[in-house]
Amino acid sequence: MKAFKNAAFTALLTMGVFSTALYTSCSKDDCKDVVCNNGGTCVSGTCSCPSGYEGSTCQTASASKITGTYTSSETCQPPVAGGNWSSTLTQSSGDATKIIISNFGDSGSNVTGKVSGTGITLDNTQIGGQTVSGSGTVNGNIVTITYRLTGGTQYDCTMTMTKQ
């Protein structure tokens, strides 16, 4: 009787181990057919993108989505002469998050910054002996940047850039 119990226990144990091995070997790999670009990693079938990249497969550099030519205008305190001018946003080579804004504030000078999602942070940049600092947002084809110009007369400005 004891031998029968041992044999039955061994058979049940063997079936349990075999069933567990069979079940785990058949589990689905959600990332098997997912290719994440630019250093992204697949987690449960979805790409997790590194800083500076976005999209379903991390295929888009954050800065590249806003590159182009813009019609720009601004309002400042204290007030300055207004009007519209053309600016260009380009992605800085070698960094998916860096942008260069040409003709910033109709000054003829470039300002650099960083894009993260729908936000922009300007690098502190010297223009004509004054320092520009600020941040902005991207909403479709419109980039709005609020910035401060210091180092002489202080100006607080909001620049609106509409993609052409």
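Given the structure is predicted, the values throughout are model-derived calculations rather than measurements.
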Show the atom names and distances, to 0.1 Å, of all donor-acceptor pairs under 3.5 Å that link a side chain in residues 48-55 to residues at least two apart or in another chain.
residue, atom, partner, partner atom, Å
E54, OE1, S62, OG, 3.1
E54, OE1, K65, NZ, 3.4
E54, OE2, K65, NZ, 3.1

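- When hydrophobic clusters are built by joining Ile, Leu, Val, Met, Phe, Trp and Tyr residues whose side-chain heavy atoms come closer than 4.5 Å, directly or via intermediates, V80 is grouped together with I145.
- A donor-acceptor contact shorter than 3.5 Å is absent between the side chain of N141 and the backbone of T162.
- Across all their heavy atoms, G117 and V115 have their closest contact at O-CG1, 3.8 Å.
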Trace of the side chain to side chain contact (heavy atoms under 4.5 Å, CB included) decision for S109 with F104: CA-CA 6 Å; S109 298; F104 187 88; 5.8 Å; no
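- Within the 3.5 Å criterion, the main-chain N or O of A63 finds no donor-acceptor partner in the side chain of K98.
- To the nearest 0.5 Å, atom CG of residue N110 and atom OG of residue S102 are 6.0 Å apart.
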Table please: side-chain donor-acceptor pairs of residues 31-43 below 3.5 Å, with sequence neighbours left out.
residue, atom, partner, partner atom, Å
N37, ND2, T57, O, 3.1
N37, ND2, T57, OG1, 3.2
N38, ND2, C58, O, 2.8

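- Nearest heavy atoms, Q91 versus S64: OE1-CB, 3.3 Å.
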Trace of the side chain to side chain contact (heavy atoms under 4.5 Å, CB included) decision for L89 with M161: CA-CA 10 Å; L89 272 72; M161 305 171 69; 3.0 Å; yes
Criterion side chain to side chain contact (heavy atoms under 4.5 Å, CB included) on I120 and I99, from CA distance to verdict: CA-CA 9 Å; I120 296 174; I99 58 166; 4.0 Å; yes
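- The environment of K114 atom NZ is sparse: at most 12 non-hydrogen atoms of other residues, nucleotides or ligands sit within 6.0 angstrom.
- With contacts defined as side-chain heavy-atom distances shorter than 4.5 Å, the pair T146/T137 does not qualify.
- Across every non-hydrogen atom of L122 and S133, the tightest pair is CD1-C, 4.4 Å.
- Proximity of a side-chain donor or acceptor of Q130 to a complementary backbone N or O of T153 within less than 3.5 Å is detected.
- Of the possible polar contacts, none joining the W85 side chain to the T71 backbone as a donor-acceptor pair under 3.5 Å is found.
- A 4.5 Å side-chain heavy-atom check between T75 and M159 finds every atom pair outside the cut-off.
- Inter-residue side-chain proximity for T90 and T88 is flagged as met; some heavy-atom pair is nearer than 4.5 Å.
- Side-chain contact between N139 and T144: absent, with no pair of heavy atoms (C-beta onward) separated by less than 4.5 Å.
- Atom OG of S87 and atom OH of Y70 lie 10.5 Å apart (nearest 0.5 Å).
- Inter-residue side-chain proximity for S72 and N84 is flagged as unmet; no heavy-atom pair is nearer than 4.5 Å.
- Annotation: side chain of Y155 is not in contact with side chain of Q77 (no heavy-atom distance under 4.5 Å).
- Cluster annotation: I100 is not connected to V138 through the hydrophobic network of ILVMFWY side chains, with a link wherever side-chain heavy atoms come within less than 4.5 Å.
- Residues V111 and D123 come closest through the heavy atom pair CG1-O, 4.4 Å.
- Across every non-hydrogen atom of S86 and Q164, the tightest pair is OG-NE2, 4.1 Å.
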